Amino acid sequence: MAMTFSKKRNQASLAGDVAQQDGQQAAFEALFQAHWGRVVQVLARLVGDPDEAEDLAIDAFWRLYRQPPRQDQNLAGWLYRVATRLGLNALRARRRRQRYEESAGMDALHDDPPGNPAIMVEQAQERRQVRRVLSLMKPRAAQLLILRHSGMTYAEIAAALDVSPGSIGTLLARAEREFEERYLKASGSRRQEEEDASQ
């Protein structure tokens, strides 16, 4: 009799574990459906490559699935923080960027041939410069700018970065100031290099 009770208890315990896993799976699926498009969009704006953005988004969701944050943390905020960190790490790791930039420039020329080539090259250089400056900034400042320019509200940014909503304006102003200073400095350096090369 004791053996039968023990078996039933183990089966009930196993059934409870399966039900709990099913509930976790359903919650993860709902979170995935709610945030996949936006996470990919944020990463695509950051890294400039939709395929790489999807790969990074998959990595972010995989991390969420394998090791979710503590129960008291905002899952969506955690997800956006991880995704933007992955994107920034991808930018930092792209020190051999020259081949990629040339390839992306050629693709842009082939994809949109009716445009003015000089303007297109200038726009591509500006995008590369923006990405380069973002990769040099502190992660939270870069994340603030990326999320804000991806269309997120102050409340959404605050939730994503786990900061007080009232501090977003100040933090964003600082990040914009830092970006502007770094961008102008980098642009001045680039102009000087171009002048030196033309002489």
Side-chain angles (χ1 to χ4, degrees), residues 23-71 73-112 115 120 123-163 165 168 171-172 175-176 179 183:
Q24 290 170 344
Q25 184 71 24
F28 178 81
E29 283 290 329
L31 188 72
F32 180 86
Q33 293 296 327
H35 295 283
W36 170 257
R38 193 97 184 255
V39 169
V40 171
Q41 177 188 15
V42 166
L43 287 167
R45 287 184 67 126
L46 175 60
V47 299
D49 180 357
D51 294 331
E52 184 179 8
E54 285 190 5
D55 289 344
L56 292 168
I58 288 169
D59 192 9
F61 278 100
W62 179 244
R63 290 176 187 214
L64 175 63
Y65 183 78
R66 287 193 56 210
Q67 291 185 328
R70 297 184 320 267
Q71 292 287 344
Q73 285 187 301
N74 176 335
L75 288 179
W78 182 92
L79 180 62
Y80 285 104
R81 274 195 306 280
V82 168
T84 54
R85 282 188 193 130
L86 288 170
L88 289 169
N89 288 343
L91 287 178
R92 288 189 185 98
R94 208 185 286 164
R95 295 295 179 218
R96 299 177 308 268
R97 195 175 303 149
Q98 193 63 30
R99 281 180 292 186
Y100 168 80
E101 291 173 355
E102 290 172 3
S103 172
M106 294 304 291
D107 289 345
L109 288 174
H110 291 294
D111 290 345
D112 195 14
M120 292 169 58
Q123 288 172 341
Q125 287 175 341
E126 187 171 335
R127 283 192 296 270
R128 286 191 297 268
Q129 185 71 11
V130 167
R131 290 184 182 113
R132 188 175 295 121
V133 170
L134 285 172
S135 73
L136 297 173
M137 294 176 67
K138 292 180 182 173
R140 186 170 78 173
Q143 289 172 332
L144 274 162
L145 293 174
I146 293 161
L147 295 175
R148 182 61 179 155
H149 290 278
S150 293
M152 288 188 152
T153 65
Y154 279 21
E156 290 172 322
I157 295 169
L161 298 180
D162 199 24
V163 295
I168 292 295
L171 293 172
L172 195 54
E176 288 171 344
F179 177 85
Y183 186 87

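Please read these numbers as outputs of a predicted model, since none were measured by experiment.
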For this session: Kindly state each residue pair satisfying ring pair (Phe, Tyr, Trp, His ring centres under 6.0 Å) with at least one member in residues 74-94, sequence neighbours excluded.
Result: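 The answer is His35-Tyr80.
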So how far is it from [X] [atom1] to [Y] [atom2], rounded to the nearest 0.5 Å?
X      : Y      : atom1 : atom2 : answer
Thr153 : Leu147 : OG1   : CG    : 10.5 Å
Leu79  : Thr84  : CG    : OG1   : 9.5 Å
Phe32  : Ile58  : CZ    : CD1   : 7.5 Å
Leu171 : Arg148 : CG    : CZ    : 13.5 Å
Gln41  : Trp36  : CD    : CH2   : 13.0 Å
Asn74  : Arg81  : CG    : CZ    : 7.5 Å

Exercise. Do Arg45 side-chain atoms and His149 backbone N/O form a donor-acceptor pair below 3.5 Å?
Worked result: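 Here the side-chain-to-backbone pair exists.
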For this session: Return yes if a side-chain donor-acceptor contact under 3.5 Å exists between Arg140 and Gln143, otherwise no.
Result: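 Gln143 and Arg140 do not have a side-chain donor-acceptor pair below 3.5 Å.
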Exercise. Which of these, Arg132, Gln125, Glu126, sits in a side chain to side chain donor-acceptor pair (under 3.5 Å) with Gln129?
Worked result: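 The option that passes is Arg132.
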Pairwise side-chain contact, [X] with [Y], heavy-atom cut-off 4.5 Å (strictly under):
X      : Y      : answer
Arg92  : Pro139 : yes
Leu64  : Val82  : no
Ile157 : Pro165 : no
Arg63  : Gln67  : no

Heavy-atom closest contact ([X] atom, [Y] atom, distance):
X      : Y      : result
Ser135 : Leu91  : CB-CB, 4.0 Å
Ala44  : Ala53  : N-CB, 3.3 Å
Val130 : Tyr183 : CG2-CE1, 3.9 Å
Leu46  : Leu88  : CD2-N, 3.6 Å
Ala175 : Met137 : O-CE, 3.5 Å

Exercise. What do the steps show when you test Val40 against Leu56 for side-chain contact (heavy atoms from CB on, under 4.5 Å), and what is the final call?
Worked result: CA-CA 8 Å; Val40 171; Leu56 292 168; over 6 Å; no
Problem set entry | Val39 vs Leu43, side-chain contact (heavy atoms from CB on, under 4.5 Å): CA-CA, chis, key distance, verdict | CA-CA 6 Å; Val39 169; Leu43 287 167; 3.9 Å; yes
